[in-house]
Number of protein chains: 2
Amino acid sequence: MNYSRQRESIKEYLMSTQEHPTADVIYQHVKENYPKISLGTVYRNLTLLVDLGEVRKISTGDGTEHYDADTSAHSHYYCRCCHRVMDLEVTPSVDQILSASSAGLGTVEMASLLFTGVCKDCI
Amino acid sequence: MNYSRQRESIKEYLMSTQEHPTADVIYQHVKENYPKISLGTVYRNLTLLVDLGEVRKISTGDGTEHYDADTSAHSHYYCRCCHRVMDLEVTPSVDQILSASSAGLGTVEMASLLFTGVCKDCI
DNA sequence: TAGTAAAATAGTAATCATTACTGATTTATC
DNA sequence: GATAAATCAGTAATGATTACTATTTTACTA
């Protein structure tokens, strides 16, 4: 895999923000430094970064995926009102992961915990 | 809200299956009893049932949503290979939910735990 | 049991996120 | 600097989901 300025910029932006932006939001931001970048490039590199394990994809069911460069074990809180995703320090417990692993369904590569509700700004 | 045969049939099919079908799979099955049903009707009723809390929507990030009429507390295992969703008895712990509630982000209406990997049929 | 208004439907068109394609540009190597 | 592979920008295509509209069904009442 070759180096690419665009990919670097996408990752930098993701690491700099506490939000959990969608591909389009990432595109808007990276465009400030690379005005000619195309949305397809953003998608392609996000997929790459997710496959490399450097970025996490968060599926909330709101119609678009969210991305997070913080790959440490943590959970997310999703507001069904403003569609924002926030970090939570809660993590899937070792017991839960072990239990999922020993259920015999297959390998467990990722455990993801998502809480949904209405955030305090939206109440 | 009025009764509708189509909505009833969608719910019946969902309750009868152990799979976690997508809207299109539901459509294909319900069509056996209601050949004239339209995909839009399936989507509209799924949204309704989810809002009523009678059906759960499962977002795996595979490009389409999955649905589950079992609304009891349980988790899911997702095979990134065959894209099937399977049930797991593991549940978010009381501690995790309490911890999420007390984090002060907002209300917690739903806690969802998803394990991803490669199922034994795909290994 | 027919008459009526609200709710739901089938069918189709539109939207929007994401992916695929292509010819031009950039990166790594020699 | 020359070359091949990787990546890109731009655009077209795909596919899931939603919106729209004229028709049918449901619930209610005379």
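These numbers come from the heavy atoms of this one structure, side chains and all, not from hydrogens, waters or symmetry mates. None of these values were measured; they are calculated from a predicted model. Below, chains carry the letters A, B, ... as their sequence lines are ordered, and counting in each starts from 1.
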TODO: Check DNA chain C against residues 53-70 of chain A and give the residues with a non-hydrogen atom under 4.0 Å, in numerical order.
DONE: A:G63, A:T64, A:E65
Open item on the list: Can you pull out the residues from residues 35-49 of chain A that lie within a 4.0 Å heavy-atom distance of DNA chain C?
Closed with: A:L39, A:Y43
Restricting to non-hydrogen atoms, name the atom on [X] and the atom on [Y] that form the minimum distance, rounded to 0.1 Å.
| X | Y | result |
| --- | --- | --- |
| B:G117 | B:Y77 | C-OH, 3.5 Å |
| B:L105 | A:D87 | CD1-O, 3.9 Å |
| A:S99 | B:V90 | OG-CG2, 3.3 Å |

Open item on the list: Tell me whether B:S102 contacts the main-chain N or O of B:L98 through its side chain, where contact means a donor paired with an acceptor under 3.5 Å.
Closed with: yes
Can you check the [X] [atom1] to [N] [atom2] distance for me, whole Å?
| X | N | atom1 | atom2 | value |
| --- | --- | --- | --- | --- |
| A:Y27 | D:dA9 | OH | C1' | 9 Å |
| B:M1 | D:dT25 | CE | C1' | 15 Å |
| B:R5 | D:dT25 | CZ | C1' | 7 Å |
| A:N33 | D:dC8 | CG | P | 15 Å |

Counting heavy atoms not belonging to [X], are there more than 12 under 6.0 Å from its [atom1]?
| X | atom1 | value |
| --- | --- | --- |
| A:E54 | CD | yes |
| A:Q28 | CD | yes |
| A:E109 | CD | yes |

TODO: Decide side-chain contact (heavy atoms from CB on, under 4.5 Å) for B:M1 and B:R7; before the verdict, give the C-alpha distance in whole Å, the side-chain angles of both, and the deciding distance to 0.1 Å.
DONE: CA-CA 11 Å; B:M1 193 175 93; B:R7 179 159 58 240; 3.5 Å; yes
Task: chain B footprint on DNA chain C, 5' to 3' - any atom under 4.0 Å from a heavy atom - done: C:dA7 to C:dG11
- [ ] Check step by step if side-chain contact (heavy atoms from CB on, under 4.5 Å) holds for A:D68 and A:H74.
- [x] CA-CA 11 Å; A:D68 188 354; A:H74 67 284; 3.1 Å; yes
Open item on the list: Using 30° and 60° as the class boundaries, would you call the ring planes of B:H66 and B:Y78 parallel, tilted or perpendicular?
Closed with: perpendicular
TODO: Determine whether the side chains of B:R44 and B:T41 contain a donor N or O and an acceptor N or O closer than 3.5 Å.
DONE: yes
TODO: For D:dC8, take OP1 and OP2 only and decide whether either is under 4.0 Å from a side-chain N or O of A:S4.
DONE: yes
